[in-house]
Amino acid sequence: MLSQLKSLIPGAECWPTFERNASEQYEARVATVEVYDSPSVLLTDMAGSRIPIAVAHGEGRAQFEHDSDVHNAQIALGYVDNHGDMTERYPLNPNGSPHGITGLCSEDGRATIIMPHPERVARTITNSWHPPTWGDRAPWSRLFDNARVFVE
């Protein structure tokens, strides 16, 4: 929904709309994303992280209005394969977005749109496996910590 409001969000002019998945079906699974270096307030100090994330959507394929928008957008997250390489290959990229794009932020980082659902895997109990070093909080809990730091 937020991508539909991009004309109201400063620095979001290059954001895509999210269209029907290339698979033509609702996708629900766990996928792996990499957090890219971006000004996103929510993703502060998370760049380079490769983290499992819950996917649950039928309209997640990023569709850019202009080809140049892909290169000018602040890309914050992308689907990666088991080697950590960006992927457009199904099912590792469940929606068929170009360059595996699945999260973007505004130029100043105050607005972030993420198609998968990090809030669904913010606790380790929701993951089928996790390293013991994670404790009770999965890496996605960092989004909430970063939001709190930003507003304080």
Report task. Indicate if Leu42 and Val121 have the same hydrophobic cluster label, given that clusters are the connected sets of ILVMFWY residues with side-chain heavy-atom separations under 4.5 angstrom. Result -> yes
- Task: Kindly work out whether a path of hydrophobic side-chain contacts (I/L/V/M/F/W/Y, heavy atoms less than 4.5 Å apart) joins Leu43 to Tyr79.
- Result: yes
Is it the case that the side chain of Asp85 and the backbone of Asp81 share a donor-acceptor pair, with hydrogens and angles ignored and the cut-off at 3.5 Å? no
Handout entry: Minimum side-chain heavy-atom gap Phe64-Cys14 below 4.5 Å
Key = no
CD (Glu13) and CG (Asp69) are apart, to the nearest 0.5 Å, by 9.5 Å
In terms of heavy-atom contacts, Ala62 and Pro16 come closest through CB-CG, 3.8 Å
Partner of Thr87 under side-chain contact (heavy atoms from CB on, under 4.5 Å), picked from Leu92, Val80, Asn82, is Leu92
Solution key, residues 110-117 side-chain donor-acceptor pairs under 3.5 Å, sequence neighbours excluded:
unit_1, atom_1, unit_2, atom_2, d
Thr112, OG1, Ser40, OG, 2.7
His117, ND1, Glu119, OE2, 2.9
His117, NE2, Ala56, O, 3.3

Q.
Take a 6.0 Å sphere around CG of Asp37 and say whether it holds more than 12 heavy atoms from other residues, nucleotides or ligands.
A. no
Original post:
Stepwise, does the side chain to side chain donor-acceptor pair (under 3.5 Å) test hold for Ser97 with Asn95?
Top reply: CA-CA 6 Å; Ser97 290; Asn95 53 39; 2.9 Å; yes
Output for pair (Ile101 CD1, Trp15 CH2), nearest 0.5 Å, gives 13.5 Å
Distance col, row His57:NE2 vs Tyr26:OH, nearest 0.5 angstrom, shows 8.5 Å
Note to self: Would Ile75 and His99 count as a side-chain contact (heavy atoms from CB on, under 4.5 Å) here? Give the steps.
What the structure shows: CA-CA 10 Å; Ile75 299 169; His99 309 289; 5.7 Å; no
| message | Could you see if Met46 belongs to whatever hydrophobic cluster contains Ile53? Use Ile, Leu, Val, Met, Phe, Trp, Tyr and a side-chain cutoff under 4.5 Å. | response | yes
Would you check if Glu34 and Met86 make a side-chain contact, meaning some heavy-atom pair closer than 4.5 Å?
-> no
Between Pro52 and the options Thr126, Val33, Val30, the side-chain contact (heavy atoms from CB on, under 4.5 Å) test singles out Val30
Correct closest heavy-atom pair for Pro94 and Tyr90 would be O-CE1, 4.0 Å
Gln74 side chain near Ser106 side chain, heavy-atom distance below 4.5 Å = no
Next on the checklist: Using a 3.5 Å distance criterion without hydrogens, assess whether the side chain of Asn21 forms a donor-acceptor pair with backbone atoms of Glu24.
Outcome noted: no
NE2 (His71) and NE2 (His66) are apart, to the nearest 0.5 Å, by 13.5 Å
| message | When you compare the side chain of Arg137 with that of Phe144, does any pair of heavy atoms fall below 4.5 Å? | response | no
Greater than 12 external heavy atoms within 6.0 Å of Arg89's CZ
no
* To do: State, with a plain yes or no, whether a side-chain heavy atom of Glu59 is found less than 4.5 Å away from one of Glu19.
  => no
*Leu143 reachable from Val41 in the ILVMFWY side-chain graph, under 4.5 Å edges*: no
State plainly whether one hydrophobic cluster holds both Leu104 and Leu8, where clusters connect Ile, Leu, Val, Met, Phe, Trp and Tyr through side-chain heavy atoms under 4.5 angstrom apart.
yes
dist Asp145:CG -> Phe150:CZ (nearest 0.5 Å) comes out at 15.5 Å
In this structure, CZ of Arg123 is separated from NE2 of His130 (nearest 0.5 Å) by 10.0 Å
